[in-house]
Q: 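There's a structure below that I have some questions on.
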Amino acid sequence: MLWSKLFIPTLREPPAEAEVVSHKLLLRAGYIRQVASGVYSHLFLSQRALLKISKIVREEMDAIGAQEMLLPALNPAELWQESGRWDVMGDDMFRLKDRWERDLCLAMTHEEVMTSIARGELRSYKQLPQIWYQIQTKFRDEMRPKSGLMRVRQFIMKDSYSFDLAPEGLDISYQKHYDAYCKIFSRCGLSYLAVQAHSGAMGGNESTEFMVASAAGEDFVAVCPECGYAANLEKAVSTAKPAALPDPEGNLVPEEFHTPGYKTIAEISGFTKLPETSQIKSLVMVVDGKPVLVLVRGDHQLSATKFSSVMQAREIRPAQPAEIREWFGAEAGSLGPIGVTNMTVIADSALEGRRNMIAGANKDDYHLRNVTPGRDFQTRFADLRQSEAGDTCRNCGKGILELKKTIEVGHIFKLGYKYSESMGLRVLNAAGEEVTPIMGCYGIGIERILSAAIEEHNDKDGMALPVSIAPFTVVVTPVNIADAAQKQAAQEIYDSCLALGLDALLDDRDERPGVKFKDADLIGIPYRITVGKKLTDGLVELVQRRGKTSSDVPVAEAALAVKKAASA
RNA sequence: CGGGGCGUAGCGCAGCCUGGUAGCGCACCUGCCUUGGGCGCAGGGGGUCGGGCGUUCAAAUCGCCCCGCCCCGACCA
């Protein structure tokens, strides 16, 4: 294509609203324009990149026998009421009414529609397994859209769904997706990490997230450098660093002491001259309307995700100050487990076996020393704490966990029977009995692949996209378009590139070379053939965008040289 | 939803405090010049100053209300 005819509105300066690199570059390079918060138009270049990503996704999905469909984004409320998610999704789901006042929504995902198709049509175990997928627009009313294409309210997702007769079949469908996802992200040039993850509102019991390390990410992943264990921080298990000071020996009796004005863990630590690990942190949560006292070691953080799943809660929230006052008769800074009988008490495993610790006295400005779990109060223990960098890996027992900030580009789930059960999907097995198929679901964020690739591959001049997803593979740039020889050579090389099947662009604009070079670098074309002075010696330059390495090649061989380099 | 910031030409910004002709750089158009990293010279077009109400002889500027966007938090496949 001829650059002079294309709409590639590059900007010298990034718009002020852009914060992260990929967002700045997508705007500057003329890939996208914002329409509203979390809503973007994909212009020519972006659409080309997204189509390339989608093509890779299609090829790998088709390769595992998945069948592409296209489902509606507009869904009737009834489907979502059947699965129970009309209520569960809350404000995250866009809802609307038609002219007859019937409730509709814009689908955030498609378990409901897929399952309804399956239950309407699948009758026999002989029709299983099935893997169905689509590449389609999803809508989510994010509380806070951010970071360009990273977290948006309308986006393109590849979502697939598997239906199997039995768990062993699901294992196979899941593994097929796992392998396909690895190929997809590799082909897109991403350095990804497959990590254990929490299933959240999707349901199910096992899931793997595919993450790309990036400062612009929103998720933390715990990684063990020794054994390769990797899990989303929400899910990660680990052995806490030992207490900084051994507990006092002996069967000591709880003893109240005055702590005037000292409320936080850090303040009490400073006041008592004892490390934070000697304290029991008391948090009051409200689980489905009922108060629960949660205990963790002073220096630890409660994992809301772990807590929520241990409690099998639908909804959790921290208690309000007024509620705390009513239930404990004290402020949040002086709470503790002793004497609490009006609510469930649950403690993190790191407190198991500890003794003679410090906790609040449930009396303003007083704490207790010599508090021993199990003796001074009864509680059950569970893994409730958020892992942190420096913890010991529980998988291998040796490695020290590191934390990485990441972008989630894919997520696969073993759903189990949640949707097939609630929506009545049944088939007959070989014995003629009605059985409920087991399901899996698998998602990839198409725009997130583009964002992550830009985050991973950029420099001060712009994007340095991999050949596989760049909107063009090569740009042919005559330095001086007014020079007839250069112009003609450039045209010939461009034609040769096209003949070789390369996605080629001819920068035929009457611009100064600096402008053309800057633009080519900015939009991230992997190869550039510069036709300039050396043409008199029959040579042109082949410049690689990454690293800006360049080599002289004869005019006649230029296209082939790109072809070779690009497919290497 | 809580906290913070911003809204003036396509982009980046100044002007606002202290009310009085709406400015700068880039981009854009015309001409000349130039052609290996956003070139130079000359001329030119483009703005309901986010919106409404109010104060005032006079509002981008002061007051009130509303809207939008960004960041932090809560939240989240």
Side-chain angles (χ1 to χ4, degrees), chain A residues 7 9-20 23-24 27-28 30 33-40 85 88-93 107-111 138-148 150-153 155 157-161 197-204 207-211 216 218-219 232 234-235 304-305 308 315-318 408-415 418 440-445 448 460-462 477-483 486-487 507 509-522 528 530-535 540-541 543 548 550:
Chain A
F7 178 58
T10 59
L11 302 171
R12 284 188 186 225
E13 293 177 277
E17 71 264 17
E19 195 96 343
V20 304
H23 189 197
K24 284 182 182 169
L27 288 167
R28 278 194 60 205
R33 288 295 182 259
Q34 185 172 32
V35 173
S37 179
V39 182
Y40 289 86
R85 291 207 294 182
V88 171
M89 290 309 191
D91 290 336
D92 291 338
M93 190 154 70
M108 312 170 65
T109 171
H110 278 81
E111 283 75 16
K138 299 283 185 267
F139 297 87
R140 294 183 189 181
D141 195 357
E142 289 287 344
M143 207 167 284
R144 187 153 83 83
K146 58 184 285 201
S147 308
M150 222 88 86
R151 177 167 293 272
V152 289
R153 298 194 292 173
F155 58 98
M157 172 181 269
K158 186 289 299 179
D159 49 320
S160 46
Y161 305 84
H198 171 69
S199 302
M202 298 303 304
S207 80
T208 301
E209 282 175 327
F210 291 82
M211 313 296 261
E218 303 183 68
D219 287 288
N232 192 304
E234 298 181 327
K235 172 95 176 179
T305 309
S308 181
E315 191 190 354
I316 62 167
R317 64 171 174 85
E408 177 187 357
V409 290
H411 200 163
I412 61 178
F413 299 83
K414 286 186 185 176
L415 285 177
K418 175 171 169 162
C441 74
Y442 317 88
I444 288 181
R448 277 193 182 176
K460 66 175 170 47
D461 293 317
T477 307
V479 166
N480 180 2
I481 196 73
D483 180 317
Q486 282 186 19
K487 187 176 177 183
D507 194 348
R509 294 176 297 169
D510 183 15
E511 289 284 356
R512 301 204 31 109
V515 173
K516 295 195 262 197
F517 296 155
K518 288 285 184 193
D519 275 345
D521 288 349
L522 180 59
R528 187 180 80 217
T530 307
V531 182
K533 287 174 188 154
K534 294 172 190 162
L535 183 61
V540 293
E541 270 169 43
V543 184
K548 302 283 177 61
S550 106

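The chains referred to below are lettered A, B, ... by the order of the sequence lines, with proteins before strands, and numbering in each begins at 1.
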Q: On RNA chain B, check which nucleotide each of A/Q486 and A/K138 is closest to and give me the residue with the more 5' one.
A: A/Q486

Q: With a cut-off of less than 4.0 Å, is there a side-chain N or O of A/R144 near OP1 or OP2 of B/A74?
A: no

Q: Please report the distance separating the P of B/C49 from the corresponding atom of B/A59, rounded so that it comes out in whole Å.
A: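 Between the two P atoms, the distance is 11 Å.
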
Q: Look at the side chain of A/E511 and the base of B/G38, then say whether one donor and one acceptor between them are separated by less than 3.5 Å.
A: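 Not at all, since no donor on one side and acceptor on the other fall under 3.5 Å apart.
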
Q: Could you work out which one of B/G38, B/C11, B/C71 sits closest to the side chain of A/K146?
A: B/C71

Q: Any chance you could measure A/L415, atom CG, to A/E111, atom CD, to the nearest 0.5 Å?
A: 6.0 Å

Q: Does A/R528 make a cation-pi contact with A/F517 (under 6.0 Å, within 45 degrees of the axis)?
A: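 Yes, A/R528 lies over the aromatic ring of A/F517.
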
Q: On RNA chain B, does the nearest nucleotide to A/N480 precede the nearest nucleotide to A/E209 from the 5' side, or the other way round? Give the residue.
A: A/N480

Q: Report the distance from atom CD of A/E408 to atom C1' of B/C76, rounded to the nearest whole Å.
A: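 Computing the A/E408:CD to B/C76:C1' distance gives 10 Å.
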
Q: Any chance you could measure A/E19, atom CD, to A/K24, atom NZ, to the nearest 0.5 Å?
A: 6.5 Å

Q: Sequence neighbours excluded, which residues qualify as side chain to side chain contact (heavy atoms under 4.5 Å, CB included) partners of A/E541?
A: A/T530, A/K534, A/V543, A/S550, A/D552

Q: Rounding to an integer number of Å, can you tell me how far A/E19 CD sits from B/G73 P?
A: 12 Å

Q: For B/C76, does the base pair up with any side-chain atom of A/R151 as donor and acceptor (N or O, under 3.5 Å, distance only)?
A: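 Indeed, a donor on one side and an acceptor on the other fall under 3.5 Å apart.
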
Q: Which residues pass the ring-ring contact (aromatic ring centres under 6.0 Å, His included) test with A/F210, not counting sequence neighbours?
A: A/Y178, A/Y181, A/F185

Q: Under 4.0 Å: is that the gap between some side-chain N or O of A/R12 and OP1 or OP2 of B/A27?
A: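 A/R12 to B/A27 OP1/OP2: side-chain N or O found under 4.0 Å.
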
Q: Under 3.5 Å, which protein N or O atoms sit close to an N or O of nucleotides 43-50 of chain B? Give each pair with its distance.
A:
none

